[in-house]
Asks: 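Here it is, the structure in full.
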Amino acid sequence: MFKNFNKISKKWQKIWEKEGIYKNYKKPKKFYVLDMFPYPSGEGLHVGHPRGYIATDLIARYKQMQGYSVLHPMGWDAFGLPAENYALKHKIHPKIAVSKNIKRFKEQLNKFGFTYDWDREINTTDPEYYKWTQWIFLKLFENGLVYESFEPIIWCPSCKTGLALEDLEDGKCERCGSEVEKKPLRQWVLKMTAYAEKLLKGLEELDWPESIKEQQKNWIGKSQGAEIEFRILNSKFKINVFTTRLDTIFGCTYLVVAPEHELVSSIKHQVSNWPEVEKYIKQAKKKTDLQRTGLTKDKTGVELKSIKAINPFNNEEVPIFVADYVLPHYGTGAVMAVPAHDERDYEFATKYNLPIRQVILSQINPDFNADLRGKKINKAFTEDGILVDSGKFTGMTSEKARQEMIKWLEKNKLGSRKINYKMRDWVFARQRYWGEPFPLVFCENCAKRIKNKKYKKGEFTKGELLNPGWIQIQEKDLPVKLPEVKYYEPSGTGESPLTNISKWVNTECPKCGGLAKRETNTMPQWAGSNWYYVAYLIKKNKKYQWDKKEIKKWLPVDLYVGGVEHATRHLLYARFWHKFLYDIKAVPVNEPFKKLMNQGLILAEDGRKMSKRWGNVINPDDMIRIFGADALRLYEMFMGPFDQSIAWSSDGIRGMKRFLDRIYKLVSGVRYQVSGNKNEKIERLLHQTIKKVTEDIENFRFNTAISSLMILFNDIEKNLQTYKLTNLQTFLKLLAPFAPHLTEEIWRNVLGNKKSIHLESWPKYNPKLIEEEKFEMIVQVNGKVRDRVSAPSGISQKEAENIALSSEKIKKLIAGLKIKKIIFVPNRLINIVISQS
RNA sequence: GCCCGGGUGGCGGAACGGUUUACGCAGAGGACUUAAAAUCCUUGACCUUAAUAGGUUUGUGGGUUCGAAUCCCACCCCGGGCACCA
C-alpha cells in the first residue's frame, strides 16, 4: 500500500474543528441535513451504521460548497429498554453505561471526519433535554390528548413492561423476541387517532420514498363506509355495525359481535344458551391478538340463541353470533355478515351452515353469477357489481347503491356516513426505570373535588378533568428528574421500580397543596426521538430554550436519512407530535421532514446480517486503520445503489484505496502545465463529469458519481501533459465531499492553497462544452448492430443515410434487397429496415 | 392472502425505448524484482471457427415496436412490509 492517510486525516480533522469550517451559519440559504440519531448500544458501530452518515456528510459538504448554511448535527437516543437491559446484564447503572457507550460511538464517528457541529450534541437522557420532552407531554395532556386506560395491553414477560402495537415484530417483542401476553394494566395513552386524517393528508406533500408513504398509509388504514343501526327484537338494545360495503346489506344473513362487545353482557338474561356463550368469551379473552388472528386459525363462534337483530333495510330477522374473528377495537366491534360477498363471512357461514345470499352480480364474469345464483356458491364474490334482490336499490351499481343507501339511512335516522382508521392510540407508558418520568401527580383530594364538581372554573385543565385526580406538574418545576437509585430491575408486577422510592413518590399537589403521589411509569423509548430535530436548533450553552426564531430559521429538515425500519414507528410518532406542536403554534411548519431517504443495509460477506452472534461483524475502526477514512467512505458510497441492501466485500475497499493512492501519487509527484492550450476533448470530459457528479449527488446515486470521477481520473493519468492545473483542481473539488481528507491534503499541502477546499465553490458546467463534435454512429440492419462509423454531430438523416450506405459491410448485407424504411436517431444510430428474403 | 422492492458476466453493479455489461473487484498473461508484496501494461460473457466472421445471452414464456434489460400480459424465484381492519 502506497500511503496510509491516517495521520493526515487526524491532522485535518483537528484543523477543521479549530477553524470551525462547518459552522458557517450566516449565509442566506439554509440546508438542514439530519441523520436518524443512533442508539448508543454496547456493541459499538459496525460498518453498516455509518452508510447513511457518510451520505449526509457528503451532501453537507456539497451544499456548503454550493453556498448554503448547512446544519448537520448529531446526538444520542439513549433512554429505553436496550440501554437498561444492557446495564442490567453488565451490572452497571444505565447512566454510566450510556455515557461510556456515547464516548465510544463518538470516537468511532469522529474517525470518519464528519461535519457534525458537536456544540449542538444532544442526549435524550439529559435532564435539560427531557425537560422539554416532558413539556411537550404536558401540552398534550393539557389539550386533552392524553388519557388513562385500564384496557388489557400487550405485555412482554421478559422485558416486564407493556408495549405498543408498533413495538411488535411478527407478534413478538421487538426487543427480545419473547412471546407477548395480554395483561390488564393502567396505562397512559396518547390520542394519536385524533391526528389520523392529518397524518394521512400530510403524506401527499412529502418527498419521501413511495414505499414508506405507502407503509404509513396502510398503517393509518383509512376506510370510508357507513355505520348502521340494527334493533334487537323485543329489546331496547341496538347494535351498530360498521361496513364499507353497504351495497351488500340485502345479503346480510346474520350479525357477528366481538366477545368484548358490551351488548353481550347487557342482554345475557335473554340469551337461552348463556353458559355456552360465557365459556366461549372467557376463552377468547385469554388469547393474544396473534393467537386470535393467526392465519392458520379456523374461525370459531357461538350463536346468541333466542335473540334476533332486525335489518333496517328489509326488516328481516337475523341471528347474532359472538366470534373472536371480529376485533373489539375496530369500528363498532360488530359486523353485518354477508357471506356471499365477504371471504371471512363466507368461511364462517359455510362452517356453521348459515344461509348465503347473493345480492351483487359480477359485470365482468357472468359465469360466476350463474354459479352463485341458484346453484351452490363456492367462493365469495368480493368485487363491485350490479345489485339484485335488493329492494328498490336493485339494478344499481355498487357505487351508486352505496350513495343512495346512505342517503336513505340518514333520512330515516338509522345510520350515517362513517370513516374508520386501523391505527390505534399510542400506549405511552412503560413499567421500567430508564425513561422520562411523567410530569404528573395523583391527588386524592383534587380527584374528589372534580368528582363532586367542587372547583372553580378554569382551575383544572382539559386533561385534568379528563383524568380526575391526575394533576400536572407546573412548567416552572420541570424537569421532573429521574431519581438516582441503586436497584432499577423491573418488578414484573406491572408497577415501575420507581414505585419503591417513597421519598420521590410522595410529594405535594401543585393545585391544592395536599398529599400527592408521583406517576411512576416512564415514557417509552420513542418519546425523546419525537422532537430531537427541534432540540438541535434550540440548544444554547448546554440548556434548551424554545427559541421560535431559530426554529423558524431551520425547519423543516431539508433532508432526513435513516433506515426503513422506522417507517411506522419513529416517523409516524414524530409526525404526530410535530403536527400537534404546529397546532399549538410551537413550530411554524406542518411537517418536520421534507425529504426522506433510506439507506440499505450492509450485510456481512456471507450475506447474513452483521451480528456478534454470527461473528461476521466488520468494525469501521479496523477498516479505517488499514485503508483510511476516505477509502472507507468512498467504498461505502460506491458499493451499489444507496437504498439497496448489499454485502460487504473486503476486496472492494482495497480498490478504493488503490484509487486514492493513484491520485496522491500523481498529484504529488508530477509537474503539470500551469497554462496550456485549450483542449476541447479534455474540457468536454471535464464538463460532462461536473454535470454527472452534480446530478448524481442530487439523486443519491453516489456509485455512478464515483465511477464518473474514476473515468475522469483515468484520463488525467493517461494524458497528464495535456491537463491544466485548473482542470485538476476541478477534479479535486468534485472529489472533495467524497474524500475530504485526501483532497484537503493535496489542496493545501501539495498545491499550497491557504483556504480549505471545502470552502471552495462547487464547479459549474457549461452545457455548450459538453456537446461532442463527432459521434460513433451505430448502423443497424433490422435492429441488429452491423457497423459503427464515425460521423459529425448534428448531421441530417440524409447525410447519415449516405454514410451508412457507403459502408462496405452494410453494402454486402443489403445487396439486392429492398429497403423498406430507415429510422434515424440523431447523434446516435441509424436502422435500415429491409424486407426479409 | 394483500402491498412494495428486486432478478443483467466469476462477483458488486452500469444502462431504464436505440452499441448489454460503464466503473470497480476477482482472474489470466506480461513488465519491474534474487523473490514476494506493492505498482504498471495487456486481456475480458457464452457457443461455432485456425482466424476473419457469425450466432446466442439481461429469471421463464408470450405481446407491442424498425428496435425491448427497459413498455404490456402471464408465470417462477429472492428480499421487505402488512395481515380476519368488516
Side-chain angles (χ1 to χ4, degrees), chain A residues 1-2 169-171 209-219 221-223 225 241-246 248 256 258 289-290 292-295 297 299 323-327 329-338 341-345 347-348 382 420-424 564-565 567-568 598 600-601 603 607 634-635 638-641 643-656 658-659 661-662 665 701 703-711 713-714 717 776-788 809 820-825 827-834:
Chain A
M1 237 153 284
F2 179 71
E169 223 170 77
D170 285 333
E210 280 310 312
S211 61
I212 299 281
K213 289 209 236 180
E214 198 63 27
Q215 273 186 55
Q216 288 211 351
K217 212 173 139 186
N218 292 340
W219 189 266
K222 179 180 183 174
S223 331
V241 302
F242 172 72
T243 181
T244 55
R245 289 300 304 276
L246 188 55
T248 65
V256 193
D289 281 14
L290 185 73
R292 231 165 106 160
T293 63
L295 75 160
K297 200 188 127 294
K299 290 189 178 32
D324 65 8
Y325 79 87
V326 173
L327 305 168
H329 44 70
Y330 183 78
T332 60
V335 300
M336 63 174 212
V338 185
H341 303 294
D342 181 282
E343 273 161 33
R344 294 150 302 179
D345 297 339
E347 194 192 316
F348 192 81
T382 56
N420 267 315
Y421 301 91
K422 278 195 224 176
M423 190 176 73
R424 289 202 245 165
V564 253
E565 67 275 16
T568 53
N598 296 121
L601 288 176
L603 305 167
L634 216 49
Y635 175 59
F638 184 69
M639 289 175 87
D643 56 356
Q644 224 167 275
S645 291
I646 200 156
W648 183 260
S649 152
S650 32
D651 287 324
I653 188 170
R654 204 161 288 144
M656 282 304 141
R658 198 174 296 154
F659 176 55
D661 282 347
R662 275 163 58 206
K665 199 158 116 187
R701 291 198 302 246
N703 54 336
T704 49
I706 293 168
S707 95
S708 65
L709 283 167
M710 286 171 164
I711 292 170
F713 183 74
N714 288 346
E717 236 181 9
E776 189 187 42
M777 185 167 71
I778 303 303
V779 186
Q780 296 183 334
V781 176
N782 283 356
K784 284 200 169 136
V785 181
R786 294 300 175 179
D787 203 6
R788 291 144 210 256
K809 281 184 192 167
K820 282 213 297 203
K821 65 170 151 178
I822 294 177
I823 313 274
F824 176 62
V825 183
N827 292 344
R828 198 156 240 164
L829 62 73
I830 187 158
N831 184 13
I832 301 159
V833 186
I834 53 170

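Residue numbering restarts at 1 for every chain, and letters A, B, ... go by the order of the sequence lines.
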Asks: Want to settle it: does A:K784 or A:G221 sit nearer the 5' end of RNA chain B, counting the closest nucleotide to each?
Replies: A:K784
Asks: Using a heavy-atom cut-off of 4.0 Å across all strands, would you classify A:I711 as base, sugar-phosphate, or nothing?
Replies: sugar-phosphate
Asks: Is any NZ, NE, NH1 or NH2 atom of the basic residue among A:D661 and A:R658 found under 4.0 Å from an Asp or Glu carboxylate oxygen of the other?
Replies: no
Asks: For A:K213, look at atom NZ and say whether over 12 heavy atoms of other residues, nucleotides or ligands are found less than 6.0 Å away.
Replies: yes
Asks: Report the glycosidic orientation of B:rG67: syn if within 90° of 0, anti in every other case.
Replies: anti
Asks: Evaluate whether atom CD of A:E343 has more than 12 neighbouring non-hydrogen atoms of other residues, nucleotides or ligands under 6.0 angstrom away.
Replies: no
Asks: A:R786 side chain: which of B:rG55, B:rG67, B:rU39 is closest?
Replies: B:rG55
Asks: Tell me what A:V335 touches on the nucleic acid: a base, only sugar-phosphate, or nothing, going by heavy atoms under 4.0 Å.
Replies: base
Asks: Could you state the atom-to-atom distance from CG of A:N714 to P of B:rA22 in whole Å?
Replies: 13 Å
Asks: Could you give the CD-to-P distance, from A:E717 to B:rC23, as a whole number of Å?
Replies: 14 Å
Asks: With rounding to the closest Å, how many angstrom separate the C1' atoms on B:rU57 and B:rC46?
Replies: 8 Å
Asks: Can you tell me the base-pairing partner of B:rU39? Count Watson-Crick or G-U wobble geometry only, both distances below 3.5 Å, and say none if there is no partner.
Replies: B:rA31
Asks: Just wondering, do A:T382 and A:H341 contact through their side chains at under 4.5 Å, heavy atoms?
Replies: no
Asks: Does a side-chain N or O of A:R828 approach OP1 or OP2 of B:rG17 to a distance below 4.0 Å, or not?
Replies: no
Asks: Can you check the distance between B:rA45 and B:rC23, where both ends of the measurement are the P atom (answer in whole Å)?
Replies: 15 Å
Asks: Return the value, rounded to whole Å, for the distance between atom CZ of A:F824 and atom C1' of B:rG17.
Replies: 17 Å
Asks: Counting any heavy atom closer than 4.0 Å, what does A:S649 reach on the DNA or RNA strands: base, sugar-phosphate only, or nothing?
Replies: nothing
Asks: For B:rC11 and B:rC16, measure between their P atoms and round to the nearest Å.
Replies: 23 Å
Asks: Return the value, rounded to whole Å, for the distance between atom NZ of A:K821 and atom C1' of B:rC66.
Replies: 5 Å
Asks: Would you mind telling me which of B:rA86, B:rA15, B:rG12 lies closest to the side-chain atoms of A:F638?
Replies: B:rG12
Asks: Are A:Q780 and A:I823 side-chain neighbours, meaning at least one heavy-atom pair lies under 4.5 Å?
Replies: no
Asks: At less than 4.0 Å, is any side-chain N or O atom of A:N703 found next to OP1 or OP2 of B:rA14? Yes or no.
Replies: yes
Asks: Counting only side-chain heavy atoms from C-beta out, which of B:rU19, B:rA22, B:rG18 sits nearest to A:V785?
Replies: B:rU19
Asks: From the list B:rG18, B:rC82, B:rU39, which nucleotide is the closest neighbour of the side chain of A:Q780?
Replies: B:rG18
Asks: Between protein and nucleotides 5-11 of chain B, what N or O pairs are separated by less than 3.5 Å?
Replies:
none

Asks: Using the C1' atom as the point on both nucleotides, what is the distance between B:rU19 and B:rU70, in whole Å?
Replies: 15 Å
Asks: Given B:rC40, B:rC82, B:rG18, which nucleotide is nearest the side-chain atoms of A:W219?
Replies: B:rC82
Asks: State which of B:rG18, B:rU19, B:rG24 makes the closest approach to the side chain of A:E776.
Replies: B:rU19
Asks: Is there, by distance only and without an angle test, a donor paired with an acceptor across the side chain of A:K299 and the base of B:rC84 below 3.5 Å?
Replies: yes
Asks: Are A:H329 and A:R424 linked by a side-chain donor-acceptor pair shorter than 3.5 Å?
Replies: yes
Asks: If you round to the nearest 0.5 Å, how far is CD of A:E717 from NZ of A:K665?
Replies: 8.5 Å
Asks: Under 3.5 Å, side chain of A:D345 to main-chain N/O of A:V338, donor-acceptor pair present?
Replies: yes
Asks: Taking B:rC73 as the reference, what is the distance to B:rA22 when you measure between their P atoms (whole Å, please)?
Replies: 32 Å
Asks: Provide the distance between the two C1' atoms, one in B:rC76 and one in B:rG10, to the nearest whole Å.
Replies: 25 Å
Asks: Measure CG/A:L601 against P/B:rG81 and give the value in whole Å, please.
Replies: 10 Å
Asks: How is A:I646 classified with respect to the nucleic acid when contacts are heavy atoms under 4.0 Å: base, sugar-phosphate, or nothing?
Replies: sugar-phosphate
Asks: Closest approach of A:L634 and A:I706, non-hydrogen atoms and distance?
Replies: O-CD1, 3.5 Å
Asks: I want to confirm an ordering. Mapping A:L829 and A:G640 to their closest nucleotides on RNA chain B, which one lands closer to the 5' end?
Replies: A:G640
Asks: Once you apply the 3.5 Å cut-off to both distances, tell me the Watson-Crick or G-U wobble partner of B:rU70, or none.
Replies: none
Asks: Provide, to the nearest angstrom, the distance between the CD atom belonging to A:E343 and the P atom belonging to B:rA86.
Replies: 13 Å
Asks: So, is A:R662 close to the B:rU39 phosphate, meaning a side-chain N or O under 4.0 Å from OP1 or OP2?
Replies: no
Asks: Which nucleotide sits closest to the side chain of A:S223: B:rC3, B:rA86, B:rU39?
Replies: B:rA86
Asks: Mind checking A:G655 for me? I need base, sugar-phosphate or nothing, with any heavy atom below 4.0 Å counting as a touch.
Replies: sugar-phosphate
Asks: Please classify the nucleic acid contact of A:R788 as base, sugar-phosphate, or nothing, using heavy-atom distances under 4.0 Å.
Replies: base
Asks: Please pick, from B:rC66, B:rU39, B:rC3, the nucleotide with the shortest atom-to-atom distance to any side-chain atom of A:K665.
Replies: B:rU39
Asks: Side chains of A:R786 and A:V779: does their closest heavy-atom pair fall under 4.5 Å?
Replies: no
Asks: Counting only distance, no hydrogens or angles, is the base of B:rC25 paired donor-acceptor with the side chain of A:D651 under 3.5 Å?
Replies: no
Asks: With C1' as the reference atom in both, quote the distance from B:rU21 to B:rA15 in angstrom, rounded to an integer.
Replies: 9 Å
Asks: Nearest 0.5 Å, please: how far is CE in A:M777 from CZ in A:R788?
Replies: 12.5 Å
Asks: Could you state the atom-to-atom distance from CD1 of A:I832 to C1' of B:rG67 in whole Å?
Replies: 13 Å
Asks: Just how far, in rounded Å, is C1' of B:rG1 from OH of A:Y325?
Replies: 17 Å
Asks: Which nucleotide in the set B:rA22, B:rC3, B:rG18 lies at the smallest distance from any side-chain heavy atom of A:S707?
Replies: B:rA22
Asks: Of the listed nucleotides (B:rA86, B:rG18, B:rU39), which one gets closest to any side-chain atom of A:Y330?
Replies: B:rA86
Asks: Could you check which nucleotide pairs with B:rG79 in any of the strands shown, counting Watson-Crick or G-U wobble with both distances under 3.5 Å?
Replies: B:rC4
Asks: Which value, in whole Å, describes the distance between the P atoms of nucleotides B:rU43 and B:rG24?
Replies: 14 Å
